[in-house]
Amino acid sequence: MVRVGTMAAVVLVLLGTACEYGRQELDRPDNHSPSRYVWPLPEGFPAPRVPPDNPMTTEKVELGRHLFHDPRLSGDGTVSCASCHQPELAYTDGRSRAVGSQGNIHPRSAMSLTNVAYNATLGWDDPSLIRLEDQALVPLFNTQPLEMGVAGRENVVLVRFRGHRRYRQLFFKAFPEDKDPVTMRNVIYALASFERTLISGNSPYDRWAYGGEVDALNPDERAGARLFFSRRVNCFRCHAGFNFSGPVVYEGSGVSKPQFHNTGLYNEDRRGAYPKPNTGVHRHSGRSEDMGKFRAPTLRNIALTAPYMHDGSVATLEAVLDHYAAGGRARSFGLDTRAIGPGSATDPLITGFELTPEERRQMVAFLRALTDESFVRRARQ
Ligand code: HEC
Ligand code: HEC
């Protein structure tokens, strides 16, 4: 009896593999109208803008969450989105430069995905990348540098999910209208939906500023906040608004003009050149005035995302402050300062300032108070 049972099971498994399509029909869940996703928005946060062709549903988000963390989504099955965007590091990887599926080194640092739904442009320096649906193609299909190595292996990857019972159900629930929902387009749309849910706004600073908790910040952190928002130190001019970042878009917002700044990190040629290939917007436009211009990333969860800057060349928050205090680190290399001071490639807001050791400590304390522990805890679950 046991034997027959085992045989039958083997035959069923074989049949199942052979009749992929038949089984998909069987797996289709009965009740499959997707439910509208409800944003758990923090106080003071607008609703993210969602493209009309990819409305948010809990089912799509759920599928996207699985895909984001699954190395089967890479060509050789070794790297997931989460390898470079680790939830416990606010979706970064702790490296100065990211490492792709064949061990290749990306020229730039993996960016935090904290509140990524709001960014007016995506990536360190690309003015034309504005939809998460388009951005996901970059790591999946890029060959220079290779990140997930899916190009030319699309079917290998899709067959892995088609052959997986749980995934077939997730795909069917997320895209109930599709006959064969296991497609690259749907992978990308589900990933984008998941990414839009990565909203973080419950730091001690938020509880102090919006939640009426007067003790959520200690006196040092409050003093640091005052410096951050002061005209002397000017951080808030570029790391602005509820997201402490460059321009944002959200439901009902107007079109946001992309902004990029040269903060004076490099001066290769005494005229403010940045080392190739990381020349910022210049890399895309070829225009000399775009040399070294990058997007101001969010400072939320910044204590979790070291090392800093597009190439991870600044190790600590203290060193970040020293860079800005010097009016751009390149200036302190002792080179021709006229070339990188006001009126040069370096942004006019990068003027330099002096901080006492106590003020420097207070500013770091404030930046650390932008950490949202509940965001990281939620992500770990
Ligand atoms: C090999 C490491 C690596 C992998 C794997 C990876 N990323 Fe990234 N990610 C990066 C790097 C590096 C950047 C910055 C790229 C740039 O602008 O130069 C980035 C940037 C991003 C951004 C832009 C964030 C912002 O604030 O503008 C998003 C969104 C993103 N990745 C999503 C994903 C998704 C989704 C996946 C999986 C399909 C993924 N990444 C896989 C390294 C990686
Ligand atoms: C002129 C606009 C501007 C001002 C003013 C400014 N920043 Fe930035 N910030 C940027 C840009 C642009 C980047 C990315 C630069 C790069 O990678 O080359 C950045 C990067 C950072 C980073 C690293 C982010 C990451 O994810 O790696 C930190 C931290 C930071 N800034 C903090 C501050 C603080 C603190 C101040 C005030 C002392 C400040 N910034 C003032 C534009 C600005």
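Keep in mind that what you see is a predicted model, and the values were worked out from it rather than measured. We count ligands from 1, going down the list as the structure has it; atoms in each ligand are counted the same way.
Interface of His310 with ligand 2, defined as ligand atoms under 4.0 Å from a residue heavy atom, comprises 16 (C), 17 (O), 18 (O). The Ser109 neighbourhood of ligand 1 comprises atoms 11 (C), 12 (C), 13 (C), 14 (C), with distances under 4.0 Å to a heavy atom of that residue. Of all the atoms in ligand 1, the ones that sit under 4.0 Å from a non-hydrogen atom of Gly100 are 1 (C). Interface atoms of ligand 1 facing Leu122, defined by a heavy-atom separation under 4.0 Å, are 27 (O). Interface of Asp347 with ligand 2, defined as ligand atoms under 4.0 Å from a residue heavy atom, comprises 1 (C). Atom numbering of ligand 1 starts at 1 in the shown order; those under 4.0 Å from a heavy atom of Leu132 are 29 (C). Using a 4.0 Å cut-off to heavy atoms of Asn234, the atoms of ligand 2 that qualify are 5 (C). Close contacts between ligand 1 and Leu191 involve ligand atoms 38 (C) [criterion: under 4.0 Å to a heavy atom]. The ligand atoms of ligand 2 that sit less than 4.0 angstrom from a heavy atom of Tyr308 are 23 (C), 27 (O). Close contacts between ligand 1 and Asn119 involve ligand atoms 25 (C), 26 (O), 27 (O) [criterion: under 4.0 Å to a heavy atom]. Close contacts of ligand 1 with Met148, meaning ligand atoms under 4.0 Å from a residue heavy atom, involve 5 (C), 37 (C), 38 (C), 41 (C). Within ligand 1, counting atoms from 1 as listed, the ones closer than 4.0 Å to a heavy atom of Val79 are 5 (C).
Contacts of Val314 with ligand 2, taken as heavy-atom pairs under 4.0 Å, are absent altogether. The residue Asp311 has no part lying near ligand 2, judged by heavy-atom distances below 4.0 Å. Contact annotation: for Phe353 versus ligand 2, heavy atoms closer than 4.0 Å belong to the side chain alone.
The distance from the CZ atom of Arg222 to the CZ atom of Phe366 is 13.0 Å, given to the nearest 0.5 Å. Distance check: Arg283 CZ to Asn278 CG gives 7.0 Å after rounding to the nearest 0.5 Å. Atom-to-atom distance recorded for Arg160:CZ and Arg72:CZ is 8.5 Å, nearest 0.5 angstrom. Distance check: Leu140 CG to Glu147 CD gives 9.0 Å after rounding to the nearest 0.5 Å. Of the inter-residue distances, the one linking Lys60 atom NZ with Met56 atom CE reads 8.5 Å to the nearest 0.5 angstrom. In this structure, CE on Met148 lies 4.0 Å from CG on Leu73, to the nearest 0.5 angstrom.
When only non-hydrogen protein atoms are considered, atom 17 (O) of ligand 1 lies nearest to Trp124 N, 2.8 Å. Protein heavy atom at the shortest distance from atom 22 (C) of ligand 2 is Met309 CE, 3.8 Å. The nearest heavy-atom contact from the protein to atom 12 (C) of ligand 2 is Phe294 O, 3.1 Å. Of the protein's non-hydrogen atoms, the one nearest atom 23 (C) of ligand 1 is Gly123 N, 3.8 Å. The nearest heavy-atom contact from the protein to atom 18 (O) of ligand 1 is Arg108 NE, 2.4 Å.
Val249 and Leu129 fall into different hydrophobic clusters, defined by Ile, Leu, Val, Met, Phe, Trp and Tyr side-chain heavy atoms under 4.5 Å apart, directly or through other members. No continuous path of ILVMFWY side-chain contacts below 4.5 Å connects Phe260 to Leu349, so the two sit in separate hydrophobic clusters. Hydrophobic clustering (ILVMFWY, side-chain heavy atoms < 4.5 Å, transitive): Leu113 and Val376 are in one cluster. Both Ile199 and Tyr250 are part of a single hydrophobic cluster, where members link through side-chain heavy atoms under 4.5 Å apart.
Under 2.8 Å from atom 8 (Fe) of ligand 2, one finds the following protein N/O/S atoms: His239 NE2, Tyr324 OH. The set of protein atoms (N, O or S) found at less than 2.8 Å from atom 8 (Fe) of ligand 1 reads His85 NE2, by chain and number.
Checking only distances, His106 never comes within under 3.5 Å of ligand 1, N or O to N or O. Residue Arg295 has at least one N or O atom closer than 3.5 Å to an N or O atom of ligand 1. The shortest N/O to N/O separation between Glu195 and ligand 1 does not fall below 3.5 Å.
With ring centers used as reference points, Phe242 lies 6.0 Å or more from Tyr210.
Residue Ser83 places every heavy atom at 4.0 Å or more from ligand 1. Proximity of Ser80 to ligand 1 is established by a heavy-atom distance of less than 4.0 Å.
Residues Phe353 and Asn234 fail the side-chain proximity criterion, which asks for heavy atoms closer than 4.5 Å. Taking 4.5 Å as the limit, every side-chain heavy atom of Asp322 sits out of range of all side-chain heavy atoms of Arg329. Residues Val99 and Ile105 have side chains in contact (heavy-atom distance under 4.5 Å, counting atoms from C-beta outward).
Contact record, Leu317 with Ile302: CD2-CG1, 4.0 Å, taken as the closest heavy-atom pair.
One N or O on the side chain of Tyr167 and one on the backbone of His66 form a donor-acceptor pair closer than 3.5 Å.
Under the 3.5 Å distance criterion, with hydrogens and angles disregarded, a donor-acceptor pair is assigned to the side chains of Asn202 and Ser374. Using modelled atom types, one finds a donor on one side chain and an acceptor on the other under 3.5 Å when comparing Ser35 with Thr58. Defined by atom type and a distance below 3.5 Å, a donor-acceptor pair is present between the side-chain atoms of Asp311 and Tyr266.
Electrostatic pairing of Asp220 and Arg361 counts as a salt bridge here, judged by a charged N lying under 4.0 Å from a carboxylate O. With respect to Glu133 and Arg196, a salt bridge is recorded, a charged nitrogen being found less than 4.0 Å from a carboxylate O. A salt bridge between Asp347 and Arg237 is absent, with no side-chain N of the basic residue lying under 4.0 Å from a carboxylate O of the acidic one.
Taking each of Val233, Asn278, Ile302 in turn, the one with a heavy atom nearest to atom 24 (C) of ligand 2 proves to be Ile302.
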